[in-house]
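None of the values given here were measured: they were computed from a predicted structure. Heavy-atom basis, side chains included; hydrogens, waters and symmetry copies ignored.
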Amino acid sequence: MLKKNHFIIALLAVVLLSGFSACKPKNAGSAVTSGAAEKAYVAPGKYDEFYNFVSGGFSGQMAVYGLPSGRLLRVIPVFSVDPEKGWGYSEETKPMLNTSHGFVPWDDLHHPELSQTNGEIDGRWLFGNGNNTPRVARINLKTFRTDEILELPNSGGNHSSPFATENTEYIVAGTRFSVPPDNSNGDVPINTYKQNFKGHISFISVDKTDGKMDIAFQLKLPGVNFDLARSGKLKSHGWFFFSCYNSEQANTLLEVNASQKDKDFILAVNWKKAEEYLKAGKGQKVAVKYASNRYDEKTHTATSTIKNEVTVLDASVLKDICYFIPCPKSPHGCDVDPTGEYIVGSGKLAALIPVFSFDKLQSAIAKKDFIGDYDGIPIVKYESALYGEVQKPGLGPLHTEFDGKGNAYTSFFVSSEVVKWNIKDLKVLDRASTYYSVGHLCVPGGNSRKPNAKYLIAYNKITKDRYLPTGPELAQSAQLFDISGDKMQLILDFPTIGEPHYAQAVAADVIKGNSTKIFKIEENANPYVAKGEGESKVVREGNKVHIYMTSIRSHFSPDNIEGVKMGDEVYFHITNLEQDWDVPHGFAVKGALNAELLIMPGETSTLKWVPDRVGIFPIYCTDFCSALHQEMQGYVRVSPSGSNIPLTFSTGTNKPAESPEASAAPKK
Amino acid sequence: MKNLILTVPVLLLVILLSGCGSPSKDEKNSAAPPAEEVTQNVNSAPKDDAQRGIGKFDASNVKISDKLDVAMAESGEKVTGVKCSSCHKLTEERLVGPGWKGVTQRRKPEWIMNFITNVDEMLNKDPEAQAQLEICLVRMPNQSLSDTDARNILEFMRKNDGVK
């Protein structure tokens with residue numbers, strides 16, 4: 001009887017499963033063809049062929065993977081504190097997370113963008129957007145460290161960011177939430193969106209030599225949601241394209257209310273024209289407040305500066321900067337092909353892909369082929385800008401990348417697949433299922449003039465049965481496809497940190513030779529550096545105790561410190577004297593309401609500690625450094641606030657006392 | 001007997017493997033080398049001048065005068081303060097590494113120069129450096145010394161050993 005029940009249940013399960021698989025993609029195993037393992041295999045000790053920079057989403061960080069192995073190489077802390085690396089905990093890095101709101105320990109990083117020169121990835125910098133408290137970060141690809149974070153005023157949700165122009169003249173940042181401008185009275189009813197809410201797009205200039213960012217200008221636009229963007233290239237260089245939704249200007253239940261219209265827009269921005277207006281003094285200086293945080297590699301210290309002004313160009317008043325192109329059904333992706341001629345819009349709720357022509361757009365603008373305007377911005381006639389539509393490509397197109405051979409790859413969230421199609425004839429060439437519900441795609445250099453189209457990676461939103469279960473939450477899944485042939489071939493799954501949104505990849509050769517191995521101790525300009533043990537010391541300034549400490553395999557100097565008192569603020573300034581690659585030292589002190597330090601060779605880093613009780617506090621190195629790493633330790637003695645124990649410090653001289661009570665302070 | 005029979009092929013294997021397993025030029029491993037490499041590569045130091053160690057320095061490019069170059073020794077002392085004195089005393093006493101007293105009598109100048117500029121290869125291959133490692137058990141860090149720094153340190157070591 002029991003057996004029979006089991007049989008029926010099993011039968012039911014089979015029926016159910018097969019029923020599901022009919023509308024779901026084929027099951028995982030059957031999608032992998034032979035030779036996949038060889039293609040994704042990178043032998044021990046061998047380097048990967050590509051770096052893959054993957055957004056950490058709600059982790060706020062940037063992950064670095066090797067391709068084709070899918071090995072996680074590093075997690076770069078960007079917008080979120082990282083106790084492992086002391087990011088946001090050391091005194092030197094705390095200013096990086098400062099904003100006009102104060103210290104913000106977290107954000108949501110969506111889109112990596114590699115800097116470009118002449119439309120090709122140049123391997124210098126990697127940008128990332130802070131989606132929640134609007135910011136853009138710049139990562140130095142020599143050190144794989146965040147060197148700069150710039151806050152954006154007049155913004156609410158920096159989603160349409162941080163996309164670069166062909167020579168990284170600008171990084172753009174379009175606001176997802178339109179909000180009342182910062183200098184206006186924001187205390188207005190929410191349902192006055194149409195009257196009071198505006199959408200701002202920031203054009204951030206990037207210094208050609210050192211990469212430093214500043215807001216060159218902002219464009220003030222009608223209140224809509226800006227979603228994604230791409231710069232023009234070659235012939236369309238000088239233009240930028242932004243997808244926007246909620247042209248309904250809804251302020252509640254957007255799921256329904258922002259999906260009313262058949263078409264929203266792609267915004268075409270002639271930023272060269274904007275530059276002309278800026279030069280002619282047509283910009284309005286507006287009082288705002290935002291933080292500009294920069295890390296200095298010589299002082300190993302970040303500085304946060306609050307800025308108070310931004311120049312705004314009103315795109316509804318200043319003509320010929322902005323044009324709206326109608327685009328079906330809440331467009332998300334807005335991607336420009338390697339020739340700069342084709343602009344691919346992807347409506348989240350659409351069942352077709354519109355492809356716009358830059359040439360047709362230009363002639364439509366010249367002929368004023370408009371169907372009206374939207375708050376003063378001309379709307380180009382859809383058909384006049386349209387090159388053609390890809391018919392029945394799939395359901396819910398999101399993002400498109402290119403292979404440089406005339407083909408486009410578009411992700412489909414709803415139908416959970418990647419579709420390869422030809423840009424010229426708009427015909428579908430191939431489709432591959434993803435597991436499951438793909439979001440962004442990445443082809444190395446897929447947004448540049450010169451894609452390096454060996455692989456395509458799909459970043460999926462749902463993981464379900466791909467990995468061993470780990471409770472309710474699962475690592476999200478990336479899937480690697482070989483696209484060197486006519487057909488896409490799935491060769492690898494790999495888990496990712498946080499939630500991967502967009503990602504970019506580049507041949508390892510572009511970056512790996514520039515990697516910093518050490519910081520030269522001679523060039524260390526930290527005000528608290530100790531260049532050699534001879535300079536290690538402890539200095540009291542009122543209730544602040546500055547400990548200039550050195551670390552080298554395998555001891556600290558000083559490692560015995562006495563005379564710290566309750567009420568003191570203790571600053572451990574640790575200089576790593578090592579000058580060899582891959583020899584960081586760590587530092588931790590018991591009871592610190594803080595994190596560890598991880599100090600790179602030649603670097604100085606500071607941990608603040610406020611002792612909470614009298615006693616002996618151990619300190620030790622947290623990063624295994626040598627056979628005697630476990631010996632790399634020391635003690636700090638904390639005495640009561642009124643104590644007369646003198647401030648002393650030593651290494652190797654404070655030998656065991658003859659009598660155990662010799663230096664004990666009298667008990668109170 | 002049985003053990004011996006087994007040992008011979010294993011040894012052979014180790015020798016064969018280490019023969020083709022030595023790191024290529026561009027792989028400067030700072031991690032400790034596998035044990036068999038330490039014992040097998042004993043002979044890789046040049047035979048004609050085994051005392052000079054392994055590296056670019058030899059008698060032709062390390063010129064030593066009978067007299068001390070005071071300025072060089074002073075520069076060397078400065079670099080020592082930043083990069084060496086954490087682990088080396090100027091006396092005979094061993095701290096992390098050996099004390100420096102007498103080092104210029106114990107070692108050829110070329111050997112010292114090669115050791116402090118080519119640390120990893122020396123520790124991996126030079127028998128004298130390896131013997132020292134067995135005593136100290138902490139691999140000397142590569143402190144990224146320039147050739148000039150290294151020469152100045154050598155001059156400071158000579159001063160420390162009484163050269164005037």
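Of all residues spanning residues 507-528 of chain A, those with a heavy atom less than 4.5 Å away from chain B's heavy atoms are I518(A), I521(A), E522(A), arranged by number.
Residues forming a side chain to side chain contact (heavy atoms under 4.5 Å, CB included) with N142(B) (at least two apart in sequence, or on another chain): D580(A), V119(B), D120(B), S144(B). For S86(B), the side chain to side chain donor-acceptor pair (under 3.5 Å) partners at least two apart in sequence or on another chain are E533(A). Not counting sequence neighbours, the partners of A43(A) by the side chain to side chain contact (heavy atoms under 4.5 Å, CB included) test are Y41(A), K46(A).
Here the side chains of C87(B) and H555(A) are in contact, with some heavy-atom distance below 4.5 Å. Side chains of M140(B) and R553(A) form no contact here, defined as non-hydrogen atoms less than 4.5 Å apart.
In the displayed structure, Q630(A) atom CD is contacted under 6.0 Å by at most 12 heavy atoms of other residues, nucleotides or ligands. A 6.0 Å sphere centred on CD of E535(A) holds more than 12 heavy atoms belonging to other residues, nucleotides or ligands. For F624(A), the CZ atom counts as densely surrounded, since its 6.0 Å shell holds more than 12 non-hydrogen atoms of other residues, nucleotides or ligands. Within 6.0 Å of atom OH in Y571(A), more than 12 heavy atoms from other residues, nucleotides or ligands are found, so the atom counts as buried in its surroundings.
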Q143(B) and I552(A): side-chain contact (heavy atoms from CB on, under 4.5 Å), yes or no, with the steps? CA-CA 11 Å; Q143(B) 286 292 75; I552(A) 195 160; 3.7 Å; yes
